[in-house]
Amino acid sequence: HGFPPPPAPTQAHRADLPPQKVNEEAPELGGEGHERAQPQQTLRPHHPDDPGTAGPGAPAAQLRQPPGGSPPPPGGGTGAPSGRKGCREGHGAGGSESHPRRGESPAEPGAGGQAWAARGGPHGRGVAPTASRRLRAETGRDSVEWEGRSLLKALIKKAALGGEQVHILGCEVSEEEFRAGFDSSVNSRLVYYDLFRDPLNWAQTGEALPGGPLGALQAMCERTDPGPVTVALDSLSWLLLRLPCAALCQALCAMSRRHACRGGSLAAEQLCVLGLLHRELHGPGPMGALSSLAQTEVTLSGTAGQASAHILCRRPRQRPTLETLWFSVLPDLSLDLQGGPPLESQPHPDPHTPQVDPASHLTFNLHLSKREREAKDSLTLPFQFSSEKQQALLRPGPGPATSRIFYEPDTFDDLDPEDPDGDLDV
Amino acid sequence: VTKGKLTLLCDANTDGSFLVHHFLSFYLKANCKVCFVALIQSFSHYNIVGQKLGVSLTVARECGQLVFLEGLKSSVDVFFRAQAEPHPLQFLREANAENLQPLYEFVREALKPVDDGEAAWRCPVLLVDDLSVLLSLGMGAVAVLDFIHYCRATVCWERKGNIVALVHDSGDTEDEENNILLNGLSHQSHLILRAEGLATGFCRDVHGQLRILWRTPSQPTTQRDQSLTYQYKIQDKSVSFFAKGMSPAVL
C-alpha cells in the first residue's frame, strides 16, 4: 500500500484541506474540519463514535481495515486488526510509555505483524498489540506497595527474548540489583545506563553521565540503532521529580521522533518506551501530561495477595478500552496472567443486599401509620392553587371560606387614596 | 544482620523515636560501625536512653564505633566558622542551599572503611533522626531524596551497609513536601516500620500501634509483601508488643 508514515495527529486537524464530498454522511467532528483522506496526506481523524464515515473511495476504506496481508492475531484479539494500524500511527505521535501498575502488560512491545503472531498473546488471549505501555506503580494507602519494577523487568525480559534491543535508564536501584533475576542471555542484550551511582555528579570523578539526568535521557535517544527497540525508564518518577515535566515530555517525544527519522517508515512502530511511575508522588498535572503521551496505561492494584492490573488502552482511532486482569510475576521474571474479571468486591454496593433503613434505630418514631399517611397525602397545601381554590375565588361568596379584612382607621391615619403612603413619616 | 537495606521508620500521631533508640542500641550491640546524624536531640539524651537499653554511647564514640553528628550543637558552629571550611550543616547558612552534598560527604567520610588492620566493624550503618526536620530547615523534598539516594548508593550498595531513617508523617495532605519525601522513601525501602497512635485516642496502657511492612523493591515475590500489625506499650527499659486487642490491661 505504501502508506507513508503519517504525521502526528496534531497535524491531522488542519482545517485548510477541502472537506470530503462523496459518500459522506455528515459526521459531526466537533469543528475539527474534514479532511480528504488521501493516501498521501493526513489521515482523517476518526471520531470514536463515528459510525464509520467512508472516505472518498477505496483509499479511505482501507484506512479502517487492517493493512492488507497481515494476519489477524490468533485467539481473536480485542479489536486487534485496527489496533495494529493504530500502533503505527501512535508512534508517530510521540513517545508512549507504559506504566505497569501491577504488572501485567498485555500489550506486546510494538512488533511487526508476524512477530506478534509468532509470539502470541499470553495464553493466547489475543490481546491487541499496543505500541507502548505505561507502567505505573501503585501504592495502596496502607503502604502495602504493589511494586511495579518486577513487572517492568518481566516486560524487558519478554522484549529481550523477542530479539529486540533493550535500553534501560536505571535511576532508582543499582545495576546489579536491576539485572538480578535475568539470565545471562537476557542480560547480554540489555544496554544499561547507570544513573544510580552518581546522578548529580557529586563525586566529580568524571564517570558520571554528562548532562545530568536530561543529558542521559537524550544520549539514550542518540544511541538507539534502527530496528525494534524497547526503552525502559526506571523510573519516570525519579526523572519527573528532578526535571521539569515539559522537558521530560519533550525528551520522550523527541526520542520517538528521532527513532522514526533514523529508521525510515517502519521504524516508528518499533520503538516501545516503558516507564515506571509511582502514583503517589505526583500531582494530577504531570500525571496527566505523561498519560496523554502514553498509548497504554497499566495501573497496578490488588487485593489480598493477588495483584491485578487495570489496563487502559488508548489508540488513535478507537475508543479507549479498559481491561482488568489478574497476574503474577514468577521468580524467573515471566508473567503469569490469570485473566478474567476481578474477584475483588465491587466498589458500588451489591444490589442484592437489603437497603439499610436509616430510621430504624432512633429513639423517636419517624414512621407513619396507614391513616397518617393517607391524611398526609390528602392534605392540600395552603398556597397550592388547586381547582377548588380557583372556584372559590371566582365565586364571590360571603361564606366563611373567604377571608375579609376589617380595618378600623386610627385618629392618626390619613387615608389618602391618591397617596397611600402619605401617612408614613418618611 | 542483614546488609544493604534501607529501613524507613515513620510515625504518625505519635512519637516514633523509641524505634530510633532501639536501632541505635541494636546496631551498636551488633558491633557495627554507626554514623548517627542526630538533628533532634542532644547527645546526652540518646546516651541516657542508650544506657537503659544497655549501650554506652560515650564509650562507643571514644573507641570509634560511633560517629555522632550532634545537630543541635554543631549548627551553632556553622555560624562561627570561617566560611571556606565545609561543614555538614552548611545549608543552614546558605540562603539558596540546593543540596545536602556536604552532609553526604560527612557521612561518606565517617563510614569510610578503615583498612589498617584493627578490629573491623561488621557493617556500616547510617542512622538519621530525623529527615522531616531537614524539610523544616528549608531543604526541598527532592534535595533530601537526593541525599538519601547518594547515601544508599554509597552505604547500602557500595559498602553493603544499612540505613535507618525516621520520617514524620503529619497525616494531613497539606504538607506536600513531606508526603513526597515519605512516599519516595517508601518506594525505596526494604522495611517500613510505621508507628501510629491508636485510632481511638490516647491510652495509658497501649501507647500505639506498629505496622511492619516488608518490601522487595525489585524482586518479584511469590508471596506478596508481608504486613503485620502490633500494638505496643513503652516501658522503662523495653517495649512490649502484643497482638491487636490483646493488651494485658484489657484482657
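The chains referred to below are lettered A, B, ... by the order of the sequence lines, with proteins before strands, and numbering in each begins at 1.
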Between Glu176(A) and Trp157(B), is any pair of side-chain heavy atoms under 4.5 Å apart?
-> yes

Of all heavy-atom pairs between Glu105(B) and Trp202(A), which one has the smallest distance, and what is that distance?
-> OE2-O, 4.0 Å

Between CG on residue Leu200(A) and NE2 on residue His149(B), distance to nearest 0.5 Å | 7.5 Å

Has Tyr230(B) got more than 12 heavy atoms of other residues, nucleotides or ligands less than 6.0 Å from its OH?
-> no

Throw together a table of side-chain donor-acceptor distances under 3.5 angstrom for residues 134-146 of chain B, partners on residues two or more places apart or in other chains.
residue: Ser136(B); atom: OG; partner: Ser132(B); partner atom: O; Å: 3.4
residue: Asp146(B); atom: OD1; partner: Arg242(A); partner atom: NE; Å: 2.6
residue: Asp146(B); atom: OD1; partner: Arg242(A); partner atom: NH2; Å: 2.7

Could you state the interatomic distance from NE2 (His187(B)) to CH2 (Trp238(A)), rounded to the nearest 0.5 Å?
-> 16.0 Å

Quick one: ring pair (Phe, Tyr, Trp, His ring centres under 6.0 Å) partners of Tyr192(A), sequence neighbours excluded?
-> Phe178(A)

Residues, nucleotides or ligands: over 12 heavy atoms within 6.0 Å of Lys112(B) NZ = no

Main-chain N/O of Glu172(A) paired with Arg152(B) side-chain donor or acceptor, under 3.5 Å | yes

Got a sec: does the CG of Asn13(B) have more than 12 other heavy atoms crowding it under 6.0 Å?
-> no

